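Working notes, structure below.
Here the structure is a predicted model, which is why all the values come from computation and not from measurement.
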Amino acid sequence: MAEKITLNEKNELNVPDNPYIAYIEGDGTGPDIWRATSLVVDSAVAAAYNGSRKIEWKEIFAGEKANSKFGTYLPEETIEAIKDYVVSIKGPLTTPVGGGIRSLNVTLRQRLDLYACVRPVRYFTNVPSPVKNPEKLNIIIFRENTEDVYAGIEWEAGSVEAKKIISFINDTFNKSIVSESGIGIKPMSEFGSRRLMRMALQHAVKNKNRSVTIVHKGNIMKYTEGAFAKWCYKEAAENFRDATVKESDLKPGEDAGSRILIKDRIADAMFQQILLRPDEYDVVVTPNLNGDYLSDAAAAQVGGLGMAPGANIGKYAMFEATHGTAPKYANLDKINPGSLILSAVMMLEYMGWDEAAELIIKGLEKTFSQKFVTYDMARQMEGAVEVKCSEFAAKIAENMKQ
């Protein structure tokens, strides 16, 4: 009989051998990639544990499916279920651009205080890439998930609220914002910045990473992004002093030794760095908006968002496909399920089921070596066999058993 994952007094996971895990299929191509992912995960768990462990999937609802069933895109029951089941996984969700409902992804992150968006980016042999040496990029990005301009504190141009805010700023602080502007607020706190840096440093210590790089635009936005960098350094100095050393404290040519090197880079320069010197970076910590851009740009170097996993982590953890819904491919059994499959790998690792996670990676590596891929990769891969989403998943499961 299935049991729920629970949290102890330190908010550490207690994972039974037969846990319930909540899932949201997602919109557009979501059902296709969810079927593929659940097949791969169930096969990996069965192969790794010979029946001693098994996941019981529990469907919950958000997006278009929720709206058609319950008349709302995000039922309160879904929020409560994510808390109740602790660990969940989801496909992509629709959000209209420029109006309509607010981003469901942002809403979920803020309502559940999933303050860290965690995006590992690595290369798999044979996956098409636009760069010469994609294998040099192997980073994990910790992006702040609840603050910055994504906090959603904004007002439409010409609205009463926008005019009030603009008038107050112009009159009180002698600024000159155009009266018909749209206006947004960019909140960034010491609390939010330091807890993100803490999670990144804990990861770096556990995995023996060489460096943690703080990415920010503090040369321009000194009291938000500049403060973010200052607070990240403060966290390292106060709570990880013996394990870290600042780049600025080393003499030219001096090595960090066994300590983790803490450095920072201006955001626009970092986009060059991940192209020109990708192997100099391991763990990256960044505010919300910069992290969104940077994680997608990094993913482009190793095959695109179809191969980019992600997680939103706080007290609870939600793993997700990082791409959009691609509605024109919905129900065609065509799209690459790699993003959600790799997000499931992250989920298994988070649960401590490393053996199953490793099997999926091995299955993926062998499938790519056979050039047995979905259309997005096949069109760029010489000698490839183009297959359906479901066939790709079945081949991964087959290769795991070998």
Quickly, which of Lys230, Lys234, Arg195 forms a salt bridge (Lys or Arg N to Asp or Glu O under 4.0 Å) with Glu190? Name it, please. Lys234
Does [Y] offer a backbone N or O that forms a donor-acceptor pair with the side chain of [X] under 3.5 Å?
| X | Y | answer |
| --- | --- | --- |
| Asn209 | Val283 | no |
| Asn207 | His203 | yes |
| Asn170 | Ile177 | yes |
| Thr244 | Phe240 | yes |
| Ser339 | Ala308 | yes |
| Ser52 | Tyr49 | yes |

Trp57 side chain reached by Trp34 side chain, heavy atoms, under 4.5 Å: yes
Do Phe228 and Tyr233 have their ring centres less than 6.0 Å from each other? no
Check: Phe319 ring centre within less than 6.0 Å of Tyr350 ring centre: yes
Within 6.0 Å of NZ in Lys136, more than 12 heavy atoms from elsewhere: no
Other residues, nucleotides and ligands only: do more than 12 of their heavy atoms fall within 6.0 Å of CD on Glu382? no
May I ask you to establish whether [X] and [Y] are in a cation-pi arrangement, using a distance under 6.0 Å from NZ or CZ to the six-membered ring centre and at most 45° from the ring axis?
| X | Y | answer |
| --- | --- | --- |
| Lys58 | Tyr85 | no |
| Lys395 | Phe372 | yes |
| Arg379 | Tyr375 | no |

Assess the residue pair Leu250 and Leu261 against the criterion (side chain to side chain contact (heavy atoms under 4.5 Å, CB included)); give the C-alpha distance rounded to whole Å, side-chain angles, the decisive distance to 0.1 Å, and a yes or no. CA-CA 9 Å; Leu250 295 178; Leu261 184 65; 3.6 Å; yes
Would you call the rings of Phe168 and Phe173 parallel, tilted or perpendicular if under 30° counts as parallel and over 60° as perpendicular? perpendicular
For Arg109 and Tyr115, which I'm curious about, is there any donor-acceptor pair between the side chains at under 3.5 Å? no
Exactly one of Asp148, Asn288, Thr286 should register a side-chain hydrogen bond (donor to acceptor under 3.5 Å, both in side chains) with Arg143. Which one does? Asn288
